[in-house]
Structure formats: structure tokens, C-alpha cells
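Only one structure is covered here, and it is reproduced in the block below.
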2 protein chains.
Amino acid sequence: MRRKAQIMGLIKNNFVKYQRKCHALIMRKPTLTDNKTQHPLTFTPATGGHDMFRAAFQGRLHGALAHNLGVQILGGVYKSGDILPNEIDSSESLDISRSAYREAIRILASKGMVESRPKIGTRVTERDRWNILDPEVLGWMFETEPSEDFIKGLFELRLITEPAAAALAAERRTPDQIERMRKALEVMEAETLASEAGRMADLEFHHTLMFATHNEALASLSTTIGAAVSWTTRYKQRHKSLSRDPIPDHARVFEAIERGDASAARWCMESLVRMALEDTQKSMSPQT
Amino acid sequence: MRRKAQIMGLIKNNFVKYQRKCHALIMRKPTLTDNKTQHPLTFTPATGGHDMFRAAFQGRLHGALAHNLGVQILGGVYKSGDILPNEIDSSESLDISRSAYREAIRILASKGMVESRPKIGTRVTERDRWNILDPEVLGWMFETEPSEDFIKGLFELRLITEPAAAALAAERRTPDQIERMRKALEVMEAETLASEAGRMADLEFHHTLMFATHNEALASLSTTIGAAVSWTTRYKQRHKSLSRDPIPDHARVFEAIERGDASAARWCMESLVRMALEDTQKSMSPQT
DNA sequence: GACGCATATTTGTCTGACTATATCAATCGG
DNA sequence: CCGATTGATATAGTCAGACAAATATGCGTC
């Protein structure tokens, strides 16, 4: 194995030199960079680009493709049971290599959205099998206006988990976590939710809260829900100015947690989420 | 661009032929087939092989590798912040191609467990960033004995979501779903949880229940939790025979849902989960 | 009519080369 | 002496083309 590699290396080196020469002679290198500017797949952060998500595929081809395909599937361009064109055709028509295409498909497959088998192709799975709680998938979901039912469902989930989590957090939080939440709250007060920094602080607040439950599964769910919250908040903002100031609600939750009052924390959080749902619904109903 | 490729292709083709010749001469190709029979990665379904999960990577190399790496990461072989050996070395030492290795890494990356950047390598991310609610990840988790805290956390999550879901299901279930739950219950009664079929019926019961909430997010969470339930059940079984018969609990939940009594459904479900937690804890404590 | 077998098609795997990118060090300018 | 620019280097990312494996489909045989 090694021996082979060595020998091949020797042979190759000379050839590569020749190749480079040809390369340079035949045609100025298109550098791929100026090609990329018009590549149909360059990830255009149309959504504003939360760092959290952008990080996942900053300019990586397979990531961008997975994103696009994911959005298309969620948006109904490909329906459950549809079979995408085979790898050769797909990669060719997208003007990318088969490897890149395959890696994109692997990403989708790992989120349960497609399933590929030899001789069959790559099939979009049933909707109830795909993993919509994956933060990335959730992000894709919000690229196209998600259905009202879906958003309602999301809030229902928040309404179930977050109050319970707040109660647990009130019992288990560490002083350090209280400090972090206090800081986040201060930032929120200063910036309001209209700014990116304010939304980030909101996210930090909820995330720290979930983390304070010292429950790994719950914390993970938080990351997801946090993502959703951030999306809906943005969504809400876009349609009309916020009708109520959510800061007092947050402050009440915080105080309850700080003094370790579990049932108060639960109750305040429930009211907070309910308000948020109301706001979101209000901002959605006009265009119904 | 095209032209370049063509010309290079011509030049290369001849070279490649020569290369192959050398290749063949220097060392017989191990045909991969007879190599594979003893391939260290052949997925041995040590866990018994739930169809649901096995389907994800039936013999696929990248799937098996993702599985192995995933288990190793979850098991602490690679810690957060560790950087795995580079792609060339890894794929060589595993005796697989770089593509297969890369696809495995993509799977892991899409679950948030690793993050790879040029010149840095592939780094294991912070534990709180990985997506433990992904059904596959959860499955991997149970390959090595998960920590008691983790299991407790999982049950806490069940304790939060399932009663609420039962209440919603009581209000929204369709006749069809009642029928499916009844059937599942019957199977459970006939087979008990000791058999595979019985466990499957249990899973079907919970899944249908979650589905009956007509809440997509909740249903997705159910798939995950269902997976967890099935794993813990198996886990429980392995250590000692079940101490209590869980069928009556299920029956009570079912009846409440059938007659649309939301608060009863919530209450019965809560008691069911609590019992299950107790059983699981009992079967874990001995070896503490 | 049922069962086994060939075939064709599609994903899966392999190989090797090249590109892009980001870190780190060294060098140059202030 | 310090800082910014630049270059070297190592690593993931992309590409291209071949071959292997799997399996649904259709054919042929019994």
C-alpha cells in the first residue's frame, strides 16, 4: 500500500508539472472564484444570516445544496414519495460534482428527509418521518412562510415544555446561571427586540433557562425551540411593530426563578408564551 | 472551462491507463470483496437491530462508520474539542476511501456533533450543541450504558410532554386513531412487553397517541421519545424481569382518550410514565 | 402460473488530482 | 520594537471517472 503510493507519487509528480504547464497555457485559470459569483448555488443569506446557522455551511457547496433541497422539500416542490432524478443527472444539471451532490443528500438523509437505495433512487420520505425538530430543518422551514398550523403547533410545544422547564430551573439553577440570565435581561431592556442584539439576548435568556434545568434532553430541545422562537420573532417583527413590550414578562419569570419559586416561575412563563403566541397570531391573521 | 476539461481529459486518459497498469502490476487489487468479509466496519447489529434504525444504514459503509464514530463520541472516546485525525490518515487507517469517510463525517456534522474547517480539521463540538433528540443519536446513546442522569432527564421530558399530549389527544383524536390504538393495546395484552412484537405494539400505541394531537412538532418529538422508550424498555428487560404489569396503565389512558376526557388522560398518562420511571430506576440501582 | 435468473439501472465505493481556505510564521515597514 | 502584510503549509472541499454492489423488473423455464 505504502510502496504503491510512493511509486505512484514519483510517476505522478512529473506529470503534474506538465499538467500545470498545460493548464496555465491553455486558459487562464477561471479561479473558480469569479465563477462562483454566478454559481446558482452560492448561499445567499437572504434570511439575514443568523451566525448560528450560517456557520453550518459558510460557502460550502454541499451545505448550500442541502439547504436548497431542504427548503424545496419542506416547501412542497418535492412531495413525499417523489423520487429525485438520479445522481448523475442531478449533479450535472446543477453543475456540481457527484461527490458534492452525494454529501448534500447524506445531510438530508441524516435528517430523515430522504432515503436512497440502489436501483430505486433517492426518495422523499413521509412527512412524519422527517426530523422537524432539527434546528437546521426548522430554519429551512421558515425560509418559506410556514403554515399557520405549524406555527401554532410550535407554540403549543413551547406552552408545554417551557413552563415546566421554568419550574425545574427555579429549583436547580446555579448562581452563575442567574447571573447570565440577569445580564441577558439587561441587554434586552437596553436594546429591545427590534435589534439583532436584543433578539440574541432573548435567545440567550431562554437558552440559559433551559440549561438551568440540568436536563440534557430538555436543553437540547431548547436549542431547537430557541431557534424557532428567534425565527418567529423575526417574522413577527417583519409584519408590524410589536404590539406589547415582552420585557416585563421576562423580568417576572426571572425574578421567580431567582427566588426559587417553582410554581410562580411556571405560571409566569406560561403567560409569557401565551402572550407571544397571541402576538404572533395577530401578526399573521391580516393576510389570511 | 469545458475546453480545458476536455484537453486535460485527453492528456490524462493516457496517463491513467499507464497508471492503472502500474497499479495492477505492483500489487494485486484486493478486490475489496474478500477484504470486506473481514472488514472491521461491517455493521454487526449487536443491539438486536430494530428495523427502524437498521434501515438507516443497512450495510452502507458510510452509515456504519457514522454509527461507530457517533457511538465513540457519545461514549467519550473523543471528547469535545478533540480534533480527529485528518481525512487521509483516518480513511487510510480505517481502510476505506476518503469519500466514504467524508460522507460519514457529513452525517455527524448534520447532527451537530462535529464541525470541520480547512486547515483546522474536524473537531468534536461542545456537548450542548449536539442534537441528542435525533432518533439516531439517541439510539447510539444506548449502545453504551448511558448515565443515570441522562435516563432520568429523558423521563423528565416524557413526564412533561406525554401527559400534555395525552390531554390534547383526548380532544382531537379521530375515530381511526382510536381504532389503531385499540389494536395496539390488544397486541400488547396478547404478547406482553417481553416479546419484540409487544414492544412494537407499545411503540405504536405511543406514536399514534402523539400523532392524535395533530401537532407536527409534538409528533416528531414522539418519534424520538418513542425510540428512547423502546430502548429503555429493552434495557429494563435485560436486567431483570419486569416488576409490574404496565398494561392496565395503558388501558386506562386509552379509555380516557376514547371518551374524550382530557384531564383524566393527562393524569393517567402521568402515572404511567412515573411508573415506568420507577421500574427503570429500580433496574438500574443494583449496580450503583 | 410460479419460480428462478439475467439484466439494467441506480446508488455505493474507490482513486487520484486539484482548489479554497485558514492558520502560523516570517518578513517588511513604521 | 511592534504591527501589518505576505507567504508557506496543512487541511478540508471539490472535481472527474471508473468500478462494485444491490435490487426491481422483465424474461424464460418448468
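The sequence lines fix the lettering, A, B, ..., with proteins before strands; numbering per chain opens at 1. Predicted model only: the values in this text are computed from it and were never measured.
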Quick one: does any side-chain atom of [X] pair with a main-chain N or O of [Y] as donor and acceptor, under 3.5 Å?
X: A:Thr125; Y: A:Met113; answer: yes
X: A:Ser90; Y: A:Pro85; answer: yes
X: A:Ser222; Y: A:Leu218; answer: no

Sugar-phosphate only, base, or nothing, as touched by B:Ser99 at under 4.0 Å among non-hydrogen atoms: base
Touch class at under 4.0 angstrom, heavy-atom based, for B:Arg106 against every strand present: sugar-phosphate
Atom-to-atom span, [atom1] of [X] to [atom2] of [N] - whole angstrom:
X: A:Glu87; N: D:dA21; atom1: CD; atom2: P; result: 17 Å
X: B:Glu115; N: D:dA12; atom1: CD; atom2: C1'; result: 13 Å
X: A:Ile83; N: C:dT9; atom1: CD1; atom2: C1'; result: 12 Å
X: A:Leu84; N: C:dT9; atom1: CG; atom2: P; result: 19 Å
X: A:Ile105; N: C:dT10; atom1: CD1; atom2: P; result: 15 Å
X: B:Arg123; N: D:dT11; atom1: CZ; atom2: P; result: 13 Å
X: B:Tyr101; N: C:dG12; atom1: OH; atom2: P; result: 20 Å
X: A:Arg60; N: C:dA22; atom1: CZ; atom2: P; result: 7 Å

Strictly under 3.5 Å: I want the nitrogen or oxygen pairs between protein and nucleotides 24-27 of chain D, one per line.
from	atom 1	to	atom 2	distance (Å)
D:dA24	OP1	A:Arg117	NH2	2.9

Contact under 4.0 Å: B:Ser97 side-chain N or O vs C:dT13 OP1/OP2: no
Below 4.0 Å: OP1/OP2 of C:dG12 and any side-chain N or O of A:Arg102: yes
Test item: B:His62 and A:Arg102 side chains (from C-beta on) under 4.5 Å apart, heavy atoms: yes
Check: B:Leu108 and B:Trp130 side chains under 4.5 Å, non-hydrogen atoms: no
side-chain hydrogen bond (donor to acceptor under 3.5 Å, both in side chains) partners for B:Arg98, two or more places apart: B:Glu87
5' priority, DNA chain C, between A:Gly121 and B:Ala100 [closest heavy atom]: A:Gly121
Flag for A:Arg106-A:Ser116: side-chain donor and acceptor within less than 3.5 Å: yes
Side chain of [X] only, heavy atoms from C-beta on: which candidate in [options] is closest?
X: B:Asn86; options: D:dA12, C:dC14, D:dC15; answer: D:dA12
X: B:Arg98; options: D:dT14, C:dT11, C:dC14; answer: D:dT14
X: A:Ser116; options: D:dG13, C:dT10, C:dG12; answer: C:dG12

